[in-house]
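All remarks here apply to the structure that follows.
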Amino acid sequence: MNRVLVVGGAGYIGAQTNKLLADRGLKTVVFDDLSTGHRSLARWGEFFKGSLADPADLARCFKKYRFDAVMHFAAHAYVGESVTDPAKYYRNNVANTLNLLDAMRAAGVKHLVFSSSCAVYGAPRALPMRETLPLSPVNPYGRTKLMMEQIMADYAAAYGLKYAALRYFNAAGADPAGEIGEAHEPETHLIPLVLDAAAGLRREIKVFGSSYKTPDGTCVRDYVHVADLALAHLLALRYLQQGGQSGGFNLGNGKGFSVLKVIKTVEKVTGKKIKVQMAPRRAGDPAALVASAARARKALGWRPQYASLETIIKHAWDWHKVKVIRMRK
Ligand code: UFG
C-alpha cells in the first residue's frame with residue numbers, strides 16, 4: 001500500500017481524518033500551505049508544505065512520494081465571504097483544485113475523496129435531503145463545490161477518475177481524545193461562538209433570525225461530529241478501492257436542531273448561562289437543512305458513532321477549554 005495524500009490535513013476536518021488514517025495504519029502525507037491550517041494539527045504521517053496555486057509544488061510532492069489516493073480538504077469555506085469576494089473562492093476552490101486533479105492525472109492516481117457540502121443543494125424543497133434533490137446552490141461557496149463535483153464527473157468519464165464527493169452538513173465537535181478541534185480565524189460558526197460566550201470570551205450570542213418557518217422560528221441544522229466525518233472518508237476510500245461507483249454522499253445525522261436548541265444544550269453541557277440577543281436574518285441562510293444519509297449508510301457502511309448533540313457539544317467544549325487556556329497564557 002502506497003501513501004494517501006491529505007491535502008489540507010492541517011485544518012479541522014483534514015487533521016481529524018489524517019489522524020484516523022494513521023491510527024488505522026495507513027501512511028499519509030499532509031500537503032498544506034498553512035494559510036489557515038495549523039502545523040501542530042498535522043502531526044501524523046509526513047508533512048509537505050506547498051500550495052495548490054503552484055503546480056510546481058504539487059509536481060515536487062508527487063515526485064517525492066507514490067500515492068494510492070488523495071483526500072482533498074483544502075478550500076475556503078465562509079459562505080458570507082464567498083458573496084463579497086467570489087474571486088477568492090473560484091480561484092482557490094476551483095482553479096487551484098484543477099491543479100491537483102491534473103497532478104493526479106500526471107501521476108496516474110485515480111482515487112479522490114473530496115470535501116463537498118450540503119451547500120450544493122441551496123434551499124431544499126424537501127426534508128430530509130436526499131442526493132436526488134436538485135443541485136441549486138444559493139451562494140458562490142456552494143457553486144464552487146458544485147462546479148468541482150461536475151468537473152470530477154467529467155474527469156471520471158474521460159480519464160477514469162474515481163471519486164466520492166462527501167457532502168457535509170454542519171461539521172461540529174472535536175477529537176474525542178482532545179488532540180484536534182476547531183480553530184478558525186475569524187470564527188463564524190455557531191457552536192464555537194456559543195462556547196466562546198460560555199467561556200466568557202464574548203458577552204452574548206446573536207441569533208440570526210427568529211421568524212423562520214421552523215418550530216421555534218430559528219434556523220435548523222444537522223450537526224455532524226468531526227470524528228464521524230473522518231470515518232466516512234476512510235470508508236469512502238475503501239469503497240472506491242473496492243470498485244464502488246463515483247458520486248455524491250450526504251453526511252449528516254438526519255436530525256435537525258434549532259439555533260436556540262444548540263444554545264440550550266451548550267448551557268446544559270457547560271453549566272453556564274448564555275446571554276442571547278435576537279438579530280436580523282443572515283443573508284443566504286436556508287431555514288432548515290437536514291440530511292438523509294441513507295446512501296452513505298448503504299454504500300459506504302457509514303454508522304455515525306457520536307450522533308447526540310450533547311456529545312458533539314461536550315467534545316467541542318473539552319477542546320475549547322484547552323484552547324482558551326492556551327490563549328490566556
Ligand atoms: N448563527 C447564529 N448566530 C451566530 C452564528 C450562526 O444565529 O453567531 C446561526 C446561523 O444563522 C445558522 C446556524 O447558526 O442558522 C448555523 O450557522 P453556522 O455558521 O455555524 O453554519 P452554516 O449552517 O451557515 O454553515 C455550514 C457550513 C458551511 C456550509 C453551510 C451549508 O459551515 O461551510 O453549512 O449551508 F456551506
Side-chain angles (χ1 to χ4, degrees), residues 1-77 88-89 91-116 144-145 148 151-152 155 159 161-166 171 175 179-185 226-227 229-234 236-238 240-241:
M1 175 88 185
N2 295 311
R3 291 174 193 275
V4 178
L5 181 63
V6 184
V7 180
Y12 170 48
I13 306 169
Q16 190 73 47
T17 306
N18 182 43
K19 179 185 171 188
L20 176 70
L21 298 179
D23 283 352
R24 299 291 177 94
L26 279 83
K27 289 191 279 182
T28 65
V29 177
V30 168
F31 181 100
D32 203 300
D33 64 2
L34 298 180
S35 57
T36 55
H38 306 272
R39 180 67 183 89
S40 60
L41 294 185
R43 57 182 180 277
W44 296 270
E46 301 210 25
F47 183 78
F48 189 102
K49 185 159 190 276
S51 168
L52 289 181
D54 188 350
D57 281 357
L58 284 162
R60 278 194 297 117
C61 184
F62 277 81
K63 195 166 168 218
K64 186 167 178 192
Y65 305 100
R66 287 192 64 77
F67 298 112
D68 279 339
V70 173
M71 296 192 180
H72 179 36
F73 299 90
H76 296 314
K88 179 175 172 182
Y89 280 70
R91 171 73 48 204
N92 187 53
N93 295 7
V94 181
N96 293 350
T97 300
L98 277 180
N99 292 336
L100 175 64
L101 293 191
D102 290 336
M104 289 177 65
R105 271 179 74 202
V109 180
K110 298 280 188 208
H111 293 149
L112 175 62
V113 183
F114 176 78
S115 300
S116 190
T144 66
K145 292 293 175 183
M148 279 316 307
I151 291 168
M152 289 189 297
Y155 273 50
Y159 309 128
L161 176 74
K162 312 273 183 211
Y163 71 92
L166 301 184
D175 182 19
E179 293 186 294
I180 301 163
E182 244 174 311
H184 298 122
E185 191 50 59
V226 65
L229 292 179
L231 178 63
H233 286 76
L234 177 65
L237 173 63
R238 289 194 188 133
L240 293 176
Q241 287 173 332

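Computed from a prediction, not measured in an experiment: that's the story for all the values here. Basis for what follows: all heavy atoms, side chains included, without hydrogens, waters or symmetry-related copies.
- Annotation: side chain of Leu101 is in contact with side chain of Leu112 (closest heavy-atom distance under 4.5 Å).
- Put simply, the side chain of Asn93 gets close to the backbone of His76: a donor and an acceptor are under 3.5 Å apart.
- Atom CZ in Arg105 sits 9.0 Å away from atom NZ in Lys110 (nearest 0.5 Å).
- Between the NE2 atom of His233 and the OG1 atom of Thr17 there is a distance of 5.0 Å, given to the nearest 0.5 Å.
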Test log, rule side chain to side chain contact (heavy atoms under 4.5 Å, CB included), inputs Ser115 and Ile13
CA-CA 9 Å; Ser115 300; Ile13 306 169; 5.8 Å; no
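- Nearest heavy-atom pair, Leu240 versus His111, reported as atom, atom and distance to 0.1 Å: O-NE2, 3.7 Å.
- The main-chain N or O of Glu46 is never found under 3.5 Å from a side-chain atom of Lys27 such that the two would form a donor-acceptor pair.
- Looking at heavy atoms from C-beta onward, Glu185 lies out of side-chain contact with Thr36 at the 4.5 angstrom threshold.
- Rounding to the nearest 0.5 angstrom, the gap separating the OH atom in Tyr163 from the NE2 atom in His72 is 14.5 Å.
- Note that the CD atom of Glu182 and the CG atom of Leu41 stand 11.5 Å from one another [nearest 0.5 Å].
- For the pair Tyr155 and Met104, the minimum side-chain heavy-atom distance is 4.5 Å or more.
- Across all their heavy atoms, Gly14 and Val6 have their closest contact at O-CG1, 4.0 Å.
- Taking the side chain as every heavy atom from C-beta outward, Asn96 and Arg91 approach each other to under 4.5 Å.
- Nearest approach of Ala75 to Lys145, heavy atoms of both residues: CB-NZ, 3.5 Å.
- Geometrically, Arg3 does not engage Tyr65 in a cation-pi contact, judged by NZ or CZ lying under 6.0 Å from the ring centre and within 45° of the ring axis.
- Between Val109 and Phe62 the shortest heavy-atom distance is CG2-CE2, 4.0 Å.
- Taking all atoms of both residues into account, the shortest heavy-atom contact from Met152 to Ala165 is CE-CB, 4.1 Å.
- Put simply, CG on Leu234 and CE on Met71 are 6.5 Å apart, with the number rounded to the nearest 0.5 Å.
- Proximity of a side-chain donor or acceptor of Arg43 to a complementary backbone N or O of Ser40 within less than 3.5 Å is detected.
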Given the rule in the side chain to side chain contact (heavy atoms under 4.5 Å, CB included) test, do Ile180 and Trp44 qualify, once you have shown the distances and angles that lead to the verdict?
CA-CA 12 Å; Ile180 301 163; Trp44 296 270; 3.7 Å; yes
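- Between Val29 and Phe67 the shortest side-chain heavy-atom distance falls below 4.5 Å.
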Under the side chain to side chain contact (heavy atoms under 4.5 Å, CB included) rule, what do Gln241 and Leu237 come out as? Steps first, then yes or no, please.
CA-CA 6 Å; Gln241 287 173 332; Leu237 173 63; 3.7 Å; yes
Could you walk me through whether Asn99 and Asp57 pass the side chain to side chain contact (heavy atoms under 4.5 Å, CB included) check?
CA-CA 10 Å; Asn99 292 336; Asp57 281 357; over 6 Å; no
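- Residues Leu58 and Leu52 meet the side-chain proximity criterion, which asks for heavy atoms closer than 4.5 Å.
- A pairwise comparison of heavy atoms in Val226 and Asp175 identifies CG1-N, 4.3 Å as the closest pair.
- Listed for the Asn18 side chain is no donor-acceptor partner under 3.5 Å among the backbone atoms of Gly9.
- Only one option out of Val4, Asn2, Leu26 pairs with Asp68 in a side chain to side chain contact (heavy atoms under 4.5 Å, CB included); it is Asn2.
- Val70 has its side chain within reach of Val7: a pair of non-hydrogen atoms, C-beta onward, lies under 4.5 Å apart.
- In this structure the side chain of Val30 reaches within 4.5 angstrom of the side chain of Phe47, judged on heavy atoms.
- Side chain of Arg39 to main chain of Ala42: a donor-acceptor pair is present (N/O by atom type, distance under 3.5 Å, no hydrogens or angles).
- The distance from the SG atom of Cys61 to the CZ atom of Phe48 is 4.5 Å, given to the nearest 0.5 Å.
- Environment of CZ in Arg66: sparse, with no more than 12 heavy atoms of neighbouring residues, nucleotides or ligands closer than 6.0 Å.
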